[in-house]
Amino acid sequence: MSSVVFDHRIHQHVDQSSMTLTDQERTRVRALVEELNRSSPDGRVDDPRWLTRARLHSCRLPVRLLESLRNFRSEPGPDGTLLIGNLPVDAKALPDTPSVTDSVERGATAPATTAMLLGQQIGDVFAFRDEKHGALVHNVVPVPSLARSQSNGGSVELELHNENAFHPHRPDLIGLLCLRSDHEGKAGTLFSSIRKARVLLDDADVALLREPRFVTEAPPSFRAGDAALTHGVLGGCPDDPDIRVDFNATRATDGEAAAALRRLGGALAEVASELVLRPGDMAFLDNRVVVHGRTEFTPRYDGSDRWLHRVYVHLDGRRGLSHRVGPGPVLA
Ligand SMILES: O=C(O)CCC(=O)C(=O)O
Ligand SMILES: [Fe+2]
């Protein structure tokens, strides 16, 4: 069932869902990263003082990049994604891809600094204490013991989900910077936006999906999660709703709600796209309107597997204040 208001709203913006840096802009980003790292040798990306420096430094990113980030922050477009290409990632300078669980990057390496500069420009990068040791820059890498798991360390198909769907302070945006692709170049990040899927749902389903007839489990590591709290999987503006669902962790509390949830999954699958990230690509996903996942792929665990840096962003840094566990932006 299509909605005139909704269609109008998403089509009034020109498509700015991707931008590729020119080689000159790429050189400029590289110089900024090096300058920041020279001014704070041994910098740690989790250090609140380093975060402030990165925020200020990010104001000198190339103006076209600043424009794209600023625009996406306010208008995620129909796809709810922004892809930035040709960021400076130097394949030859990279160490082996890590293959351990809970892998993170705490040092201000060039790629970690790049991800942080963009993240700190678009909003406030934060982390959860109970995930990846509370580090701000996560390594998304295949891990042998997690191969078949529904987690970022897996290599089976990862079902569509909002990031940390269970958490009241889940990210507004997530950023994924690709350092290495998988060997066969086939690991696709899947994404699907409720802004596109909404028109495939009838109004009765939309109304039902807004009711608190769903529960979403937290991963075992998160003590803060309370799966007993029921919630709607759609919320906010009826014509342009927010979505909160994890097709591996959200359950309906009754049969009618379960059927609507299945139809939502079908609609999202119908409008889903796949993006194979290449080194130097950074994708931002608006976690309020987009669910994401990943196709299966075949890791070799030989040090040259797929490797992404992931950052979580809040658009209002005060949003999670009551959940903070220290001086930095780490939430319980
Ligand atoms: O591997 C990917 O492309 C995305 C995995 C994922 O869901 C995540 O890192 O949050
Ligand atoms: Fe995810």
Side-chain angles (χ1 to χ4, degrees), residues 79-85 89 97-105 111-112 115 119 125-128 130-133 135-143 146-167 169-193 216-219 221-222 225 243-250 268 272-299 301 305-314:
D79 287 313
T81 60
L82 170 65
L83 177 66
I84 296 151
V89 170
T97 301
S99 60
V100 293
T101 53
D102 291 336
S103 175
V104 298
E105 186 58 72
V125 177
F126 76 100
F128 294 105
D130 294 334
E131 186 180 33
K132 302 260 191 195
H133 308 293
L136 295 177
V137 177
H138 305 165
N139 288 324
V140 174
V141 292
V143 175
L146 297 176
R148 304 206 59 76
S149 73
Q150 285 290 313
S151 80
N152 68 84
S155 37
V156 291
E157 177 163 335
L158 181 57
E159 289 191 63
L160 292 174
H161 60 281
N162 287 111
E163 198 67 10
N164 307 103
F166 74 96
H167 202 286
H169 297 306
R170 58 198 168 278
D172 296 318
L173 311 177
I174 74 170
L176 298 170
L177 171 66
C178 180
L179 280 62
R180 275 196 183 110
S181 305
D182 63 307
H183 296 87
E184 293 150 297
K186 69 167 207 177
T189 302
L190 301 168
F191 57 93
S192 182
S193 117
T216 298
E217 276 164 40
S221 56
F222 269 88
I243 185 166
R244 176 183 180 186
V245 72
D246 179 333
F247 285 95
N248 184 54
T250 302
L268 288 164
S273 313
E274 183 186 327
L275 186 64
V276 176
L277 294 169
R278 307 283 176 203
D281 287 344
M282 186 161 187
F284 280 98
L285 312 180
D286 189 320
N287 197 40
R288 300 163 304 176
V289 295
V290 169
V291 288
H292 66 279
R294 192 200 48 241
T295 64
E296 67 171 336
F297 66 105
T298 313
Y301 309 117
D305 273 317
R306 181 171 187 261
W307 185 2
L308 311 180
H309 276 345
R310 180 177 67 187
V311 291
Y312 293 162
V313 175
H314 272 157

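Both ligands and their constituent atoms are indexed starting at 1 by order of listing. Here the structure is a predicted model, which means the values were calculated and not measured.
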Spacing of Ile243 atom CD1 and Ser192 atom OG [to the nearest 0.5 Å]: 7.5 Å
Ligand 1 N/O within reach of Arg306 N/O, cut-off under 3.5 Å: yes
Closest heavy-atom pair and its distance - Glu105, Ala112: CG-CB, 3.7 Å
Closest approach to the Fe ion (ligand 2) by Glu163, given as the N, O or S atom name: OE1
Per-atom contacts of ligand 1 with His161, taking only distances under 4.0 Å to non-hydrogen atoms: 7 (O)
Pair His169 and Phe128, ring centroids less than 6.0 Å apart: no
His292 atom NE2 and His161 atom NE2 as seen from the Fe ion (ligand 2), angle to 10 degrees: 90°
Heavy atom of the protein closest to atom 8 (C) of ligand 1 (residue, atom name, distance): Arg310 NH1, 3.2 Å
For atom 3 (O) of ligand 1, the option (of Leu190, Ile174, Thr189, Asn162) bearing the nearest heavy atom: Thr189
Distance-only side-chain donor-acceptor flag, Asp305 / Thr97, under 3.5 Å: no
For Glu163, the ligand 1 atoms whose distance to one of its heavy atoms is below 4.0 Å: 10 (O)
Check: His161/His292 side-chain N/O donor and acceptor closer than 3.5 Å: yes
Distance from atom 5 (C) of ligand 1 to nearest protein heavy atom, with residue and atom: Leu158 CD2, 3.7 Å
Side chain, backbone, both or neither: the part of His292 lying under 4.0 Å from ligand 1 by heavy atom: side chain
Leu158 CG to Asp246 CG distance, which is reported to the nearest 0.5 Å: 8.0 Å
Contact check, Leu277 vs ligand 1, heavy-atom distance below 4.0 Å: no
Nearest-0.5 Å distance, CE of residue Met282 to CG of residue Leu277: 10.5 Å
